[in-house]
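Have a look at the structure below, then the notes.
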Amino acid sequence: MLDIKLLRNDPAAIAIELKRKGYHLDVENFIQLENTRKDLQVATQALQKERNIRSKSIGQAKAKGEDIKPLLAEVADLGDKLKAGEQQLSELQAEIESIVMGIPNTLHEDVPDGKDEEDNVEIATWGEPKQFDFEPKDHVDLGLPNGWMDFEVAAKLTGSRFVVMRGAMARLHRALIQFMLDTHSMEHGYSEVYVPYMVNEDSLYGTGQLPKFAEDLFKLEDERDFYLIPTAEVPVTNMIRGDILDAEQLPMKYTAHTPCFRSEAGSYGRDTRGLIRQHQFEKVELIQFVKPEDSWDALEELRGHAETILQKLGLAYRTVILCSGDTGFSAKKTYDLEVWLPGQQKFREISSCSNVGDFQARRMQARYRNPETNKPEFLHTLNGSGLAIGRTLVAVIENYQQEDGSIVVPDVLKPYMGGLEVLKP
RNA sequence: GGAGAAGUGGCCGAGAGGCCGAAGGCGCUCCCCUGCUAAGGGAGUAUCUGGUUUAUCCCGGAUCGAGGGUUCGAAUCCCUCCUUCUCCGCCA
């Protein structure tokens, strides 16, 4: 959520900023609604004030034993007028709120202009795309013959975009999770949390998935309006919803492993093969809560933490900064890490690290007490994948494959593989 | 799943239709006093929001788990929901 005061003061300037993100803000409509709201609110509050004064005097008269009948007659029609005004006002406020909740975050000035992912800008690379002296297979061809990956069984169990993994592959998948959690919690200063995989609507409003992106989510058939989480960002970030933290508690860093559930509505036909785009995948997430002045440094740090994982795994990657049109709804600035996949001869997104600024904090009413002003102020939130497990598995097996279809276990994963050094078909 | 109890400021806790945004205590901040320590005295100390502009000040409005309702007036009465606790049942 943007600062409503900024929006009121200069909606035109905000509209120009939002245009970079491809969002059209109807300034005239907004100003008109705001003006109506202001009039209505002033009028309603005046009525409330009168009601309060009169009620108080009735109480005082009654205490003195005076006849209150004439006083009651005076306020007879006040109640109806007030009720009508209050209802009108709350409807209008709800309308304004729904507009404001649907407005994306503004961008950092570093973010390059652009329309879509074609315009993202590469800012760094690490490692060299691996050269093979044979034709490298993609992860599906590596996984299928051994029964390591089974998409048909998964389709029988559930449907498309699911997988069953077996044996050493399932273990390698698990090893990645352990390795990442251990690295972030023991070397990068994050505290590990275990969180619910279902959340309520308030949480999804808090991080920005609702109200706009309901179609991307799986909603449970249940009167409680629970949703499966699309990312650990939702439960972990919402842990501090409604809180006022002490300044000394910041920065707060959390890491969590969770499955992520995404409906992938609108991506029919894209990445239909293999593990790249599934309805259910695992992810190790990094979340930071920081003071406003620290969030840009924190973004660089967080990105470094995600990059460390790729480096330790020895996987070549490039870092891109998302252009204005590709940056997500809540983010001020986002780096994507793209890993080299020999099977596709392409870099593919494996992590996304964003500084959200105070956008989610506003929605969540998540604040800290600024010792200088002694006032509660919105903190800043950041999130990043560290990393997406399914795609990391893809990268590992494609990059560590050998001509006979076996897969060498990267050194850092060996402690988690019970002595297994090569996955043999 | 059944029966019962309870949700009030940073914390504890009073409050039972009006003078209650809320006693009292603890904690915290500032000041005074005491040579230091210990103790004592005084003042302050919720959040959101409107007028209203960057901020202060001032004057309003709202908020006592959430949402509805009754009433001139609700922390207080009624309804629904959520959460916590106790007992029973079931269960990984």
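Each chain gets a letter, A, B and so on, in the order its sequence line appears, and its residues count up from 1. Heavy atoms only: backbone and side chains are in, while hydrogens, waters and symmetry mates are out.
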Pairwise [atom1] distance, [M] and [N] [rounded to whole Å]:
N	M	atom1	value
B:A75	B:A14	C1'	12 Å
B:A16	B:A22	P	16 Å
B:C64	B:G21	C1'	9 Å
B:C26	B:C88	C1'	38 Å
B:G25	B:U45	C1'	15 Å
B:U63	B:G9	P	15 Å
B:C87	B:C78	C1'	28 Å
B:G65	B:A5	C1'	16 Å

*asked:* Do A:Lys332 and A:Thr106 pair up side chain to side chain, a donor and an acceptor below 3.5 Å, judged on atom types alone?
replied: yes

*asked:* Checking side-chain polar atoms at under 3.5 Å, does A:Gln87 have a donor or acceptor matched by the opposite partner on A:Glu91?
replied: yes

| message | Contact between A:Thr272 and A:Arg161 at the side-chain level, heavy atoms closer than 4.5 Å - yes or no? | response | yes

Side chain of [X] only, please: which of [options] is the nearest?
X	options	value
A:Pro376	B:U70, B:G73, B:C48	B:C48
A:Lys83	B:C72, B:U70, B:U47	B:U70
A:Arg369	B:G50, B:A46, B:G73	B:A46

With both pairing distances under 3.5 angstrom for Watson-Crick or G-U wobble, and | for a partner in another strand, the correct string for RNA chain B is ((((((((.[[[..)..(.....]]]((((((.......))))))((((((......)))))).[[[[[..)....]]]]])))))))....

Rounded to whole Å, how long is the line connecting atom [atom1] of [X] with atom [atom2] of [N]?
X	N	atom1	atom2	value
A:Ile4	B:U53	CD1	P	12 Å
A:Asp225	B:C82	CG	C1'	13 Å
A:Asn200	B:C81	CG	C1'	13 Å
A:Asp243	B:U47	CG	P	14 Å
A:Arg362	B:U47	CZ	P	17 Å
A:Asp3	B:U54	CG	C1'	12 Å
A:Glu377	B:C48	CD	P	10 Å
A:Glu97	B:C48	CD	C1'	13 Å

If you take the centroid of each ring, where Trp contributes its six-membered ring, are A:Phe329 and A:Phe359 closer together than 6.0 Å? yes

Within the side chain of [X], is there an N or O that forms a donor-acceptor pair under 3.5 Å with the backbone of [Y]?
X	Y	result
A:His108	A:Asp110	yes
A:Asn200	A:Phe226	no
A:His184	A:Gly386	yes

- Query: How is A:Gln41 classified with respect to the nucleic acid when contacts are heavy atoms under 4.0 Å: base, sugar-phosphate, or nothing?
  - Reply: sugar-phosphate

Within the structure, does a side-chain N or O atom of [X] lie under 4.0 Å from either OP1 or OP2 of [N]?
X	N	result
A:Asn9	B:U54	yes
A:Arg367	B:C48	yes
A:Lys38	B:G51	yes
A:Lys49	B:G73	no
A:Arg51	B:A74	no

- Query: If you take atom types as modelled and just measure distance, does the side chain of A:Gln45 reach the base of B:G60 with a donor-acceptor pair under 3.5 Å?
  - Reply: yes

Hey, is the side chain of A:Lys62 pairing donor to acceptor with the base of B:G18 inside 3.5 Å? yes

Looking at A:Asp80 and A:Lys83, is any side-chain nitrogen of the basic one under 4.0 Å from a carboxylate oxygen of the acidic one?
no

Practice prompt. Taking only Lys NZ, Arg NE, NH1 and NH2, and the carboxylate oxygens of Asp or Glu, determine whether A:Asp225 and A:Lys219 approach each other closer than 4.0 Å.
Written response: yes

Taking for A:Asn52 and for A:Val42 the nucleotide of RNA chain B with the nearest heavy atom, the one nearer the 5' end belongs to A:Val42

Residue pair A:Gln365/A:Glu86 against RNA chain B: nearer the 5' end by closest nucleotide is A:Gln365

